[in-house]
Each structure stands twice: as structure tokens, then as C-alpha cells.
Amino acid sequence: MSEYIPTFEHKMIDLKWQKKWYQSDLFEAEDFSEKEKFYGLVEFPYPSGTGMHVGHVRAYSSIEVIARKRRMEGYNVLFPIGFDAFGLPTENYAIKNKVHPRKVTDDNIETFTNQLKSIGFSFDFSRVVDTTDPDYYKFTQRIFLKLYEKGLAYKDKTYVNFCPSCKVVLSNEESQGGVCDRCGTKVVQKEKTVWFLKITDYADRLLNGLGNVDFNDRIKTEQREWIGKSQGASITFPVRDSDQSLDVFTTRPDTIFGATFMVIAPEHPLLEILSDRIKNRSAVRDYKEKAQTKTEFERVQLQKDKTGVRIDGIEAVNPLTDKTIPIFISDYVMMSYGTGAIMAVPAHDERDHAFAKEYDLPIVEVIKGGNVDEEAYTDTEKGELVNSGFLNGMSVKEAKKEIIAYLRKHDLGDKKNQYKMKDWAFNRQRYWGEPIPIVYCEKCGTVPVPYEDLPVTLPMVEAFEPSDEGESPLATIESFVNTTCPTCGGPAKRETDTMPQWAGSSWYFLRYVDPDNDQVIADLDKQKYWMPVDWYNGGMEHVTRHLIYSRFWNQFLYDIDEAYYEEPYQKRTSQGLILGEDGDKMSKSRGNVINPMDIINEYGADTLRTYILFIGDYEAATPWNENGVKGCRRFLDKVWRLQNNVTEQSGVTADTEILLNQTIQGVSEDIETLKFNTAIAKMMTLTNEWTSKKAVTKKEFEVLLKLLNPIAPHMTEEIWNNLGHDTWLANQPWPQHDPDKLIEDEIEIAVSINGKVRATMQMPTDSPKEKLETEALKLDNIKKYTKGKDIRKVIVVPNKLINIVV
RNA sequence: GCCGGUGUGGUGAAAUUGGUAGACACGAUAGACUCAAAAUCUAUUGCCGUAAGAAGCGUGUCGGUUCGAGUCCGACCACCGGUACCA
């Protein structure tokens, strides 16, 4: 027997193995290796000053375990990490503490890197990317120029959140609840001309691409709804006695005979164009002004009350009924969706119905089936068209087809798809972001910076506070703004807006494949080898923006032959939130934040890793529990102490063979389906078995060490070493179960009477049904219940149970 | 409002195709070891009840299908997430 070994010293062991790993090339991916590749990706962190959060640990742990398992399975694994380091918190911190954001970022990245290593993550640290590195954002700028070249980047007016007191443009996060984050002043909407990316051109492809990838349904649904495709028709309504007309989008062209009025958004351009004819101009103007000052909050609150103003002097014509119909302005019609104008069919649309009731407008039923005086009838399955001329008698489906054919024939409209997704507002009026590589020349106009002049670097200046009038801080830096035109050589000014947070993260997964390339974003052969990402895990909150934006960029890059595959991510999963011990969301203000570094100090990295995976269903939110941490440490201690119980016996003992094989199978499967909690539970069961027997053979113990290694790599590597190996446990082949040794020779069969279990019996596996039945009826407790009763039916489920119906 | 998810012991949670509900862990109680504590080990632990066992009751609520329902179906309630006058 071996000498007594104390419960392990985690600090020494953690440091020892981390040092060995990171000084070796153990986790480095090899380009073009003969082995099958596996590309596991986690969302790279924003390196904030507060350092790592337990949420980061959970987010990375899944792919971490998968990556380590894949290495043991013989894959060539790419498991990279980097930093999404441009952004407001760093900039605000820098301004407050009078340090340059470059310095803040570098410090934070260093802290973060050390923390990642102190958890023992098996990232390939030779491929780290940093979005704020000019060698990186040179390519972010290049992609922007390519988009510009293809007409997918354009400038347009928009409204930005502006604080009149701080005189600063605010992000949505900084203007929550309609007030300025720092001074509490009410935020106003300021008109500004900014860059947009035409992501709407890719709407259908982003939608269709979802058909070929393995994202869970919830993620696909959220993306689909974000894109928000609806099919319908565009229809032109002439304005009476005018050469003007109103185009509308509708999903219900079949109801056109019921269109008894029209509604346009308060910002609709027709109001300007036909301004002279409007008799109640001041009322219209008042309403428009009121609508604009309404905050989003107010608009949502007042959702049900319909308000509006009838435009006096302009009327439209329903092209199907030829009737003159009034036009209203109302804020229930948005300028930002569709054409900013609708045909109102009060009989079959709830909003139009409410509006018609409010303003006493005619409600004409065109689909039979409801009582349209009471409420809008919106069913599209059952009804039959009435009061609709040539559409009478048709179903909704038929009528849609017919009316579209009619509209097309008479040049009044056509089939049309409309999307909820809007073009991507690609701008920020702050310093710490990628400069947009555009120059404005008086003679040549908007001129892209030539590719060879990239990157347009951020000037390293002392003052980078936002300017007074909502311009980017870069606008006040003359050495940056004033430049020469790349085309004519004359004086020119640079674009001073920077790119938004989402830019750098929209293509970083490609850069990992070839992080040092200074010619292209990533070599196509390397992309062909590594891409697509086999498994991407990240937060549910990034499912719409980041995931859609990055898919858009990847598809665009594919179109211009700079990306090898059309879809970047083969599989996407999401971890659940870790809540505070009180069950609330972890936050500084609630004072319930757990610092992972404290756990590492007290219990070690392996305990932190094990606990975070054991805490509960990986994809569900679950509260932190300090006692649970202790329990996981206790489990690791037990595994450690098994070293004392290693017997001289070789091979595998007969009485744990089945359990061992079941564990191999169960753990292997559970890891693949993100059921880390049950995988760990199975290893606990095995450990408990050996602990109570006080005996385990070396061969058996080594199987457990291999299964546990991806979860608790430090301690298992140390034990592996103690057992006399001088190889990496991390490189050992993953255990395989023997399919013949999963089932016990004898199993317990439950015997129930009328569905209630009354007895159990031990029977040989695969006993014939008849045998089970006769044996069951012999049991004392069963006789008690069957005595004097008719046995009506006996149901035998082999190897499971017997149900006797009396 | 609409869409999606979840609801199981004191707690975190398990539970193939409907087939012994509560694996595993925490906490608790009792005991062993100890001068004592920590650590470790052993036993018990869904509720009710009992000397003990048996019986009874138990997966948000109500109903249904079935020999058998946490699992399937219908209605409802609660909580969480997404979305929001999207025409």
C-alpha cells in the first residue's frame, strides 16, 4: 500500500501545471494538420476593469471541456481567445481617471489574460486577437471599404440620442428610460447624418442560411423574428386631383375593398409636398410636434389609445372601389416600417378598427365570419370574401392571389416582402473605436481611403472627451481631421465618426484562423481547413445583434471571395445566467457578485470549474451556492484520496466493470449534450463506489482520471504524474466503453398492482415474459393483493416492470 | 397583447421511446474519531403517520387519454426570457 497522501494543495498544483501547459505548445492549433479539425469558439470578452465574472467562466467552460475532450479524441483543435476591446466603459474610465484608453485597455487585457490562465483554460494563446490593435482594425476598416465599394455602406439621416446638457450623443445603454445616464437630463432626438450598412440586402440570405445550421430552435426563432419577414403587396393609392400618390404595404391585399381611409406617419413627406393644399396645417403641425416629443416609453404606454388628425384638403382614392377616402396622420403608423403609410381596413385590423371607432369612420365588412361592428375579424382561414366585386366568394388565400394579379395587370401594385430588420446604423461619436476610413474633399466629394493607406489610426492624444455639439472627439483634433484628398491631393477632411461596438466582433472568428496575416483578413486555404466554426457558445443576448451582424459580414466576405464558407457557425449554443446567492441577477448594486478569483484562491481552479459545470442545467439560469462549491471540492478530494486505495491488482475488477463502462458511456454522451451536471454526478457515483470499497485498480482509476481531466485538468494531471506517467494526461486517448459490459446479469424488476409498485424482485437480465409473470405472482406481497381477486390483465415490460391489473 | 421557456423535497437539481419519481450534491439530524474543533467516516433524510412496519398522500391547478402520466392531450395559474401599434 502506498503511503498516506494529504488532501491536495491546489495552489501549488494549479500553478505547476499552468506553467507547464502555457510554456509548451500543448494547446496550440496546427494549420493543415492531417488530423480532423475541430474549431470551438466562445465569445471573446470585453476586457473591463473589474476583470472576470463567473458568467465568463460558465460561458467558456462548455467549449473548454469539449475542446479538451476533442484533443483526447485525436482532433486538431482550434480553441482561440481574444479581446473585443473598443468601447465606452474603457473610454469613460480613461476620461475620469485621466489615463489613455490604450493604457487602460492594455492593462485590462493583461489582467484578463492572467485570470484566464489561472483557471487553466486550454486556449491557444498564440492566436490572441485584440480589436483595438491597428494591425487588426486595419482589416475592419478594409471590410468597411469593401462594403462601401459594393454600395452596401451609405450615409443617411437618422435620429440619435442627445443630451442637451452634456451635449453628448448617447448610446441606448446610456439613455435608458429616456434620461441621460450621467446628469439625468431628458434625452432628445437629434437629427444627424451617419453611416449605415445595408444589411437588409442580405435579409433573405440570413433567413435562408438558418436552414443549414445547427442552432437550437430558440436561437433560430429569435433570429427569424428579428429579421421579421412578412409577405404581402405594395399598392398605390392615388391622391385625388393630384399627380401624387401614396404607396402602402399590406399583408392583406385581399381586404382592399374594405379600405375606407388611409393613415400616414406624422413624418410622412407627402405633408411637405402637398403642404399648400392642407387647410388645417397648424393642427397637423401641432400633432407632428407632439408625436416627436413622445418618448418611446410614452408611445408604448399609450399604445391602445388611438389619436390622429384628419388632413383637410387632401383625399385619396381607393383604386378598387373608386371611392374617395380621407387621409389621417397618426402615430400608430411608423415612418420607419414599410412606406410610412397604410390603407386602413377597420373591419379586419384591430388598430384600424380602434381608430375608426374613435373617429366614427365607416367599417365595411369584406370577409364574412365575424361581427365587424363590434371588433375586427382577423381570421384568414375560414372567411369568405364579400362586398369585394370580383373577389366575392373566394377564400382569403385565393383572393390574395387574384388581387395581386389584378394589381399587377393594372399597374397598381405588386407582390412585396417587407422586413422588420432595418439597416445597421454604423456610427458612434466617440474616440475609442475604429475610425471610418473616409475622406471628404471639396472637389471629389466622399473619397474612400486607399487600401494601402490603411489603417487610419487613432491619434494618440491627451484629450478625447466628447465635443460640445455631438460631434466625435476626433472632430476637434486638427492633425487628424485635416488631410489631403487621395484622389486630387487637395485639402480634405476625414470622417470623424468611429465604428460601433459590433464592428470588430463581426469577423474575429475568421482572424483566429490566420492572426498574423498582414495581406488578407485570413488566408483562404487556412479558412478552408479551419472554418466553419464547429461549435460556438455564447450569451443568449447576442443571438440577434452580434450573431446576425457577423453572419452578414461573413456572407458578404464570401461574396467577394474573402471568406471561404458562406455560413460561419455550424452549431450555436447558449449558457444560462449565474444568479447571486439570493437568486437575483448578480450586480454590484445588489452586492451579490461572486469573484471567481476568490474561489480559485480558496478552493482552486478545478473546484471552480467543476462547480460551475455542476451547478445545474447548463442552458438554464441558476443561483450560486457557496456550499455547492464546497461539495465539489469534497468530490475532488475524494478522487485525490483514491490514490491511497490503488491496489496491486491489474486490469478491471469484475464487480465495478459494468459501472465503469456505464460511466464511460454516460459521461461521453452527457458532455456532448452539455449535460455536465449529470456527467459529474456519474463520476461522483463511481468515486463513491471505489471509496466505500477502499479499492480501485490502477487501470480503473486511470479511466476516471481521463474522464475527469477536461473538467478538472490540474488535479488529474498531477495524479497521472503521481501514478508514474511522464506523458500529458491531456493527450491520452479518450476512454471507450465496451458495449457488452453495460448491463448487469441480474436486475431488479418492479411488480405493481394497478400501477402501484408493491414489490420488487431480482431476476436474470432478459428473462422471458412468462417466467417474470409466474415469479411475480409467487411474491408474498403480491399474493396479498391478488388474493380473492380476478387477475384481469398482466403487462410485462421486459427488464423493467410487471403490472398486474386486478 | 403576441411568441418561446420553466414550474419536481428544506435547497441546487436528476429521471431514454409513457414504465420503480427525487440519481448526484447541498443542508439537517444522530453516531464514530478528537481534550475540543476542523477534516474524514457511518447512518437517516419527499410529506403524513407509526414502537416498527404497513397503509395513505405526493412532480403549479383542474380535467382527460392509458394497465400505467413528471413525461401525452385540453383548460387555467404563476414566474422568467424575447418582442411590441410591423400594417
Side-chain angles (χ1 to χ4, degrees), chain A residues 6-7 217-219 221-222 224-226 228-230 232 248-252 255 262-263 265 296 299-300 302-306 330-334 336-345 348-352 354-355 418-422 540-541 543-544 576-577 579 581 583 585 610-611 614-617 619-632 634-635 637-638 641 669 675 677-688 691-692 694 748-760 781 784 792-806:
Chain A
T7 310
D217 286 345
R218 196 170 144 214
I219 295 174
T221 304
E222 277 195 24
R224 279 198 195 103
E225 283 179 359
W226 181 265
K229 180 175 183 170
S230 44
V248 302
F249 170 73
T250 177
T251 52
R252 299 293 306 276
T255 62
M262 299 191 79
V263 185
E296 223 166 284
R299 276 202 168 193
V300 174
L302 299 170
Q303 214 177 101
K304 268 136 215 150
D305 305 324
K306 297 282 177 287
S330 173
D331 60 5
Y332 85 87
V333 174
M334 309 289 150
S336 53
Y337 182 78
T339 60
I342 60 159
M343 64 173 208
V345 185
H348 307 287
D349 181 284
E350 280 165 32
R351 293 150 304 172
D352 298 345
F355 193 86
Q418 185 65 45
Y419 302 89
K420 246 189 258 185
M421 184 170 70
K422 298 184 181 74
M540 208 55 211
E541 68 275 21
V543 157
T544 45
L577 231 51
L579 308 170
E581 294 207 78
K585 211 169 180 170
T610 306
Y611 176 63
F614 186 65
I615 191 167
D617 182 341
E619 297 177 277
T622 173
W624 185 268
N625 181 300
E626 182 84 23
N627 283 321
V629 179
K630 281 184 200 156
C632 287
R634 226 172 272 167
F635 161 60
D637 282 340
K638 278 191 195 172
R641 281 196 302 267
E669 280 176 12
K675 293 183 169 185
N677 51 343
T678 51
I680 292 167
K682 282 166 186 149
M683 288 190 270
M684 287 173 167
T685 305
L686 189 63
T687 303
N688 290 344
T691 299
S692 63
K694 292 197 170 38
E748 194 187 42
I749 306 283
V751 184
S752 56
I753 308 283
N754 292 342
K756 281 197 200 305
V757 177
R758 299 299 182 182
T760 60
N781 209 34
K784 201 171 107 190
R792 293 230 303 256
K793 202 173 178 184
V794 178
I795 289 136
V796 182
V797 181
N799 297 331
K800 277 264 164 144
L801 61 67
I802 295 162
N803 190 23
I804 300 162
V805 186
V806 297

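Below, chains carry the letters A, B, ... as their sequence lines are ordered, and counting in each starts from 1. Predicted model, so just to flag it, every value in this text is computed and none were measured.
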List the atom of A/Ala681, the atom of A/Phe614, and the distance in Å for their closest heavy-atom pair. N-CE1, 4.2 Å

Just verifying a value: how many Å separate A/Thr251 OG1 and A/Gln418 CD, rounded to the nearest 0.5 Å? 10.5 Å

Would you say A/Thr678 reaches B/A23's phosphate, i.e. side-chain N/O to OP1/OP2 under 4.0 Å? no

What protein N or O atoms touch nucleotides 2-8 of chain B N or O atoms at under 3.5 angstrom, if any, and at what distances?
none

Rounding to an integer number of Å, can you tell me how far A/Met334 CE sits from B/C85 C1'? 5 Å

Kindly give the heavy-atom pair with the smallest separation between A/Thr544 and A/Glu222, and that separation in Å. CG2-O, 3.8 Å

Could you list the donor-acceptor pairs under 3.5 angstrom formed between side-chain atoms of residues 792-802 of chain A and any protein atom two or more places apart in sequence or on another chain?
residue, atom, partner, partner atom, Å
A/Asn799, OD1, A/Asp766, N, 2.8
A/Asn799, ND2, A/Asp766, OD1, 2.8

Tell me what A/Glu748 touches on the nucleic acid: a base, only sugar-phosphate, or nothing, going by heavy atoms under 4.0 Å. base

Just the atom pairs and distances: protein N or O near nucleotides 69-71 of chain B's N or O, under 3.5 Å.
none

According to a 3.5 Å limit on both distances, what stems of 3 or more consecutive Watson-Crick or G-U pairs are formed with RNA chain B? B:1-7 with B:77-83, B:10-12 with B:24-26, B:27-32 with B:40-45, B:60-64 with B:72-76

Would you mind reporting whether A/Ile342 and A/Asp352 have side-chain heavy atoms less than 4.5 Å apart? yes

A/Asn625 CG to B/A25 C1', in whole Å, measures 10 Å

Looking at every strand, decide which applies to A/Arg634 at a 4.0 Å heavy-atom threshold: base, sugar-phosphate, or nothing. sugar-phosphate

Could you check if a side-chain atom of A/Lys585 sits within less than 4.5 angstrom of a side-chain atom of A/Leu577, using non-hydrogen atoms only? yes

Between P on B/C26 and CZ on A/Phe635, what's the gap in Å once rounded to a whole number? 11 Å

Using a heavy-atom cut-off of under 4.0 Å over every strand shown, decide if A/Asn688 touches base, sugar-phosphate, or nothing. sugar-phosphate

Nearest-Å distance, NZ (A/Lys420) to P (B/U83)? 10 Å

Return no unless some side-chain N or O of A/Asn627 is found under 4.0 Å from OP1 or OP2 of B/G27. yes

Just checking A/Phe614: base, sugar-phosphate only, or nothing, at a heavy-atom cut-off of under 4.0 Å? base

Of all heavy-atom pairs between A/Val248 and A/Met343, which one has the smallest distance, and what is that distance? CG1-N, 3.6 Å

Between atom CG of A/Asn625 and atom CG of A/Leu579, what is the distance when rounded to the nearest 0.5 Å? 12.5 Å

Other residues, nucleotides and ligands only: do more than 12 of their heavy atoms fall within 6.0 Å of CD on A/Glu626? yes

With a non-hydrogen cut-off below 4.0 angstrom, is A/Ala621 in contact with a base, only sugar-phosphate, or nothing? sugar-phosphate

Under 4.0 angstrom, heavy atoms only, what part of the nucleic acid is A/Thr685 near: base, sugar-phosphate, or nothing? sugar-phosphate

So A/Ser752, base contact, sugar-phosphate only, or nothing? Heavy-atom distance under 4.0 Å. nothing

Contact class for A/Gly631 vs. all strands (heavy atom < 4.0 Å): base, sugar-phosphate, or nothing? sugar-phosphate

Looking at every strand, decide which applies to A/Ile795 at a 4.0 Å heavy-atom threshold: base, sugar-phosphate, or nothing. base

Round to the nearest Å and state the distance from A/Tyr611 atom OH to B/C26 atom P. 12 Å

Just checking A/Asp617: base, sugar-phosphate only, or nothing, at a heavy-atom cut-off of under 4.0 Å? sugar-phosphate

Check A/Ser752 against A/Asn803 and note the closest heavy-atom contact, atom names and distance. OG-OD1, 3.0 Å

Under 4.0 angstrom, heavy atoms only, what part of the nucleic acid is A/Asp349 near: base, sugar-phosphate, or nothing? nothing

With a 4.5 Å limit on heavy-atom distance, are the side chains of A/Val543 and A/Arg218 in contact? no

Syn-anti status, with the boundary at 90° from 0, for the nucleotide B/G9: syn

From CG of A/Asp637 over to P of B/U40, roughly how many Å is that when rounded to an integer? 7 Å

State whether the distance check finds a donor on one side and an acceptor on the other, under 3.5 Å, for side chain A/Lys306 versus base B/C85. yes

A/Arg641 CZ - B/C41 C1' separation (whole Å): 9 Å

Under the salt bridge (Lys or Arg N to Asp or Glu O under 4.0 Å) definition, can you give me all pairs with a residue in residues 677-686 of chain A, not counting sequence neighbours? A/Asp670-A/Lys682

Expressed as a whole number of angstroms, how long is the span from A/His348:NE2 to B/C85:C1'? 19 Å

Of all the heavy-atom pairs spanning A/Phe249 and A/Tyr337, show the shortest one and how long it is. CE2-OH, 4.2 Å

Over all heavy atoms of both residues, which pair between A/Pro623 and A/Ile615 is shortest? Give the atoms and the distance, please. O-CD1, 3.6 Å

Counting distance only, does the side-chain N/O of A/Tyr611 pair as donor-acceptor with the main-chain N or O of A/Trp624 below 3.5 Å? no

Taking the six-membered ring of A/Phe355 as reference, does the cationic atom of A/Lys306 (NZ for Lys, CZ for Arg) lie under 6.0 Å from its centre and within 45° of its axis? no

Please tell me if A/Ser230 has a side-chain N or O lying less than 4.0 Å from either OP1 or OP2 of B/A87. yes

Pick base, sugar-phosphate or nothing for A/Lys638, based on heavy-atom distances below 4.0 Å to the nucleic acid. sugar-phosphate

Just the atom pairs and distances: protein N or O near nucleotides 54-56 of chain B's N or O, under 3.5 Å.
residue, atom, partner, partner atom, Å
B/A55, OP1, A/Arg758, NH1, 3.4
B/A55, OP1, A/Tyr785, OH, 3.1
B/G56, OP2, A/Arg758, NH1, 3.2

How is A/Lys675 classified with respect to the nucleic acid when contacts are heavy atoms under 4.0 Å: base, sugar-phosphate, or nothing? sugar-phosphate

